[in-house]
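The block underneath contains the structure these notes are about, expressed in structure tokens.
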Protein chains: 2
Amino acid sequence: MTTSKTPKPATRATIREVALDAGVSVAAVSKVLRDAYGVSDTLRAKVRSSMDKLNYRPLASARGMRGRTYTIGLIFPDLRNPFFGDVFAGVNSALERTQYQAMQGISVSVEALTEAMIDRQMDGIILVGPNEPRATLLDIASRIPIVAIGHHDDPGSTPFDIVNNDDQLGARLVVRHLIGNGFRNVAMLSLNNQPSTVIQQREIGYRMEMVEQGCGEAINIVRASQVTRDVQISVRRLLESPDRPEAIFCWTDLMAFEAISVATEMGLSIPDDVAIVGYDNTMFCDFAQNRLTSVDQSGELLGLQATRLLIERIEGRSESEQFVVMPRVVVRASSKRRQVPD
Amino acid sequence: MTTSKTPKPATRATIREVALDAGVSVAAVSKVLRDAYGVSDTLRAKVRSSMDKLNYRPLASARGMRGRTYTIGLIFPDLRNPFFGDVFAGVNSALERTQYQAMQGISVSVEALTEAMIDRQMDGIILVGPNEPRATLLDIASRIPIVAIGHHDDPGSTPFDIVNNDDQLGARLVVRHLIGNGFRNVAMLSLNNQPSTVIQQREIGYRMEMVEQGCGEAINIVRASQVTRDVQISVRRLLESPDRPEAIFCWTDLMAFEAISVATEMGLSIPDDVAIVGYDNTMFCDFAQNRLTSVDQSGELLGLQATRLLIERIEGRSESEQFVVMPRVVVRASSKRRQVPD
DNA sequence: TGTTCTACGTGTAGCGTTCTACATTTTCGC
DNA sequence: GCGAAAATGTAGAACGCTACACGTAGAACA
């Protein structure tokens with residue numbers, strides 16, 4: 001008398017059951033799963049059909065114990081910025097038709113989040129606009145493949161891949177555009193307390209182009225924190241100052257919208273009293289109440305390339321790469337040519 | 001001659017190494033980790049100190065093989081909606097000081113995402129505004145604990161928990177507010193192709209309150225898809241129609257911003273030509289270029305409660321619960337009392 | 001006809017946890 | 001003091017996969 005096995009375990013199928021059903025070894029099923037070498041077409045077909053029949057799906061935890069989990073993590077510094085939606089889209093299209101899945105981490109601290117992702121055996125991490133010091137990034141990179149979107153460093157000097165838009169150029173283009181449209185006293189609204197290389201680059205670009213355009217004496221960088229209240233105060237102070245700038249270049253669309261808000265509140269008209277330009281070209285720029293000129297850094301492309309590079313890394317590449325996209329200014333009414341009162 | 005073990009494995013510490021270091025069994029360490037019964041204070045202290053010393057962190061995959069992964073998944077239907085940031089914040093504060101981590105899934109299809117999360121052994125899932133048919137939700141709930149934010153169903157009739165704002169009431173409050181401010185011809189801008197119970201409830205609330213306020217004959221529900229272009233066309237058609245509504249109640253802030261955009265483009269003034277009201281009370285409502293009256297459903301509270309309920313569920317509760325928050329109208333200029341031309 | 005390759009399959013040892021079953025020690029009522 | 005109960009600790013079998021190390025059978029070559 002043999003103990004009969006439960007016929008329908010009601011639980012999800014395992015690789016063993018698939019092997020049993022297909023009449024092959026567990027190892028063979030695993031090979032099919034991984035598209036590994038040494039499987040005949042017949043065997044593959046048999047296994048595939050059993051997998052379908054049993055509705056088999058590999059369990060990520062179990063895979064994680066031996067190798068990959070086919071999961072990559074995404075970390076953003078600021079969730080309120082609508083820009084990250086564009087990056088998402090790019091990540092998604094890169095992941096289509098692969099076994100990989102992306103997950104965005106949710107946490108207060110980026111450091112804690114990174115650890116949590118390592119604990120959870122992510123195969124790799126995409127860090128967007130990381131503010132962490134270089135040493136921290138290097139430490140993370142030594143433990144898990146990462147690619148940084150928006151982090152400037154010398155090509156080849158980092159053990160991780162980098163995907164950037166040319167932030168320095170982006171800032172220069174903005175200044176060139178504004179001055180070309182008759183705004184010479186251009187201030188820049190930047191971020192404080194964040195040693196981000198992206199901000200640095202944009203500030204450098206702004207400075208250099210102002211000088212090259214002969215407006216060096218008008219250089220004026222105001223820094224505020226991300227907090228709405230703080231931005232409002234800074235913008236108001238700027239707009240109330242005796243030599244009110246003719247234009248404000250904001251380091252992010254989000255800040256630009258806040259600038260528009262303050263200007264509107266003060267009864268100023270845009271762009272006649274003050275022009276405003278943002279960065280990211282998010283969907284809100286198009287709205288008629290904003291009509292915000294902004295720099296397009298094609299978040300979607302950034303996300304796509306970052307994902308591609310990350311997967312290459314996970315699958316073995318060892319030399320680091322950089323990918324740079326060219327920014328372009330998308331002109332809208334907020335920086336329309338100045339009507340100089342003759 | 002004994003083979004000497006590598007002294008510094010350079011790899012992360014495992015539970016075995018902690019046990020070795022603390023001079024106790026692996027089982028004991030596991031107990032400490034899980035706060036399980038049967039550990040003396042002395043042992044606990046020893047183990048804790050070894051864990052600190054070795055910088056030990058449990059590996060989620062390995063835990064997943066036996067029990068929990070201490071990870072919960074978040075699924076949103078529309079990533080562009082800034083509302084979800086509020087929910088995030090709530091989830092985070094509920095997770096503070098727990099071992100759990102939240103991850104937001106990124107994918108085109110909610111169904112695929114759910115499967116991916118089950119594959120990855122999430123302990124539970126929070127579904128925000130799910131559009132899936134009831135049967136699908138029941139199927140998912142039979143395989144993994146879920147709580148739905150924004151899904152209306154009879155209390156006790158679902159095997160999963162529900163956290164809602166009273167959408168019917170929210171809509172009623174909007175109508176009441178608008179009519180109280182002199183707008184009688186109130187149209188509603190809703191969503192098509194999405195059998196969401198949230199939308200249903202808001203439509204019902206709108207209808208009922210319109211009737212009760214004696215404006216039944218003005219009821220007018222226009223439905224558009226989420227696509228920007230589609231919304232614009234619908235709003236434009238509405239505003240160009242011979243009996244242009246005096247106010248538009250938009251089912252989401254996002255749509256309301258688009259409505260403001262179209263109205264602005266057409267040269268209409270808000271609220272004198274048309275009042276506009278949104279739903280969600282997202283941060284953009286405050287901006288002077290929007291000044292959007294909106295319904296606050298406190299996304300943060302929703303996220304907090306959903307997380308609390310989900311963890312309770314994961315840890316054993318079996319009867320389902322519902323939690324309802326009361327919506328309230330936050331009045332801004334976009335619905336200011338009508339200046340009736342006498 | 002033997003010998004060497006190559007292609008295809010299989011057996012099985014872990015991976016790092018959890019948790020049941022059990023062993024040992026301490027406490028306590030009488 | 002004695003036996004029972006409570007408290008504390010341990011051993012070791014899973015969990016579902018991957019991938020290394022082999023075995024085997026034809027094909028190709030001499």
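Every heavy atom of this structure was used, including side-chain atoms; hydrogens, water molecules and symmetry mates were not. Computed from a predicted structure; not experimentally measured. Here is the naming used below: chain letters follow the sequence lines, and residue numbers restart at 1 for every chain.
In this structure, M65(A) and S30(B) both approach DNA chain C, and ranking their closest nucleotides by distance from the 5' end singles out M65(A).
Ring geometry for F84(A) against F84(B) counts as parallel: the plane angle stays under 30°, on a 0 to 90° scale with 60° as the upper cut.
Ring centroid separation for the pair F83(A) and F88(A) does not come in under the 6.0 Å cut-off.
The OH-C1' distance, from Y70(A) to dC17(D), rounds to 11 Å in whole Å. M51(B) has its CE atom 11 Å from the P atom of dT17(C), to the nearest Å. If you measure from atom CG of L20(A) to atom P of dG16(D), you get 14 Å, rounded to the nearest angstrom. When rounded to the nearest whole Å, the span between CG of L33(A) and P of dA19(D) equals 11 Å. Atom pair D123(B):CG and dT18(C):P shows a separation of 12 Å (rounding to whole Å applied).
Terminal axes of the helix from dT1(C)-dA30(D) to dC30(C)-dG1(D) (five pairs each, C1' rotation axis) are separated by 30°, to the nearest 10°.
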Distances under 3.5 Å between protein N/O atoms and the N/O atoms of nucleotides 9-12 of chain C, please, pair by pair.
residue: dG9(C); atom: OP1; partner: S40(A); partner atom: OG; Å: 2.4
residue: dG9(C); atom: OP2; partner: S40(A); partner atom: N; Å: 2.9
residue: dG9(C); atom: OP2; partner: S40(A); partner atom: OG; Å: 3.2
residue: dG9(C); atom: N7; partner: K31(A); partner atom: NZ; Å: 3.1
residue: dT10(C); atom: OP2; partner: S25(A); partner atom: N; Å: 3.0
residue: dT10(C); atom: OP2; partner: S25(A); partner atom: OG; Å: 2.9

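The backbone N or O of H152(B) lies less than 3.5 Å from a partner atom in the side chain of T197(B), making a donor-acceptor pair. The backbone N or O of V110(A) lies less than 3.5 Å from a partner atom in the side chain of T114(A), making a donor-acceptor pair.
No hydrogens or angles were tested; on distance alone, a donor-acceptor pair under 3.5 Å links the side chain of R66(A) to the base of dT18(D).
Using a 4.0 Å heavy-atom cutoff across all strands shown, L59(B) reaches sugar-phosphate atoms only and no base atom.
Judged purely by distance below 3.5 Å, without hydrogens or angles, the side chains of S40(B) and R44(B) never pair a donor atom with an acceptor atom.
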**Residues K53(B), D21(B); criterion side-chain contact (heavy atoms from CB on, under 4.5 Å); working and verdict** = CA-CA 9 Å; K53(B) 180 173 142 202; D21(B) 183 87; 2.7 Å; yes
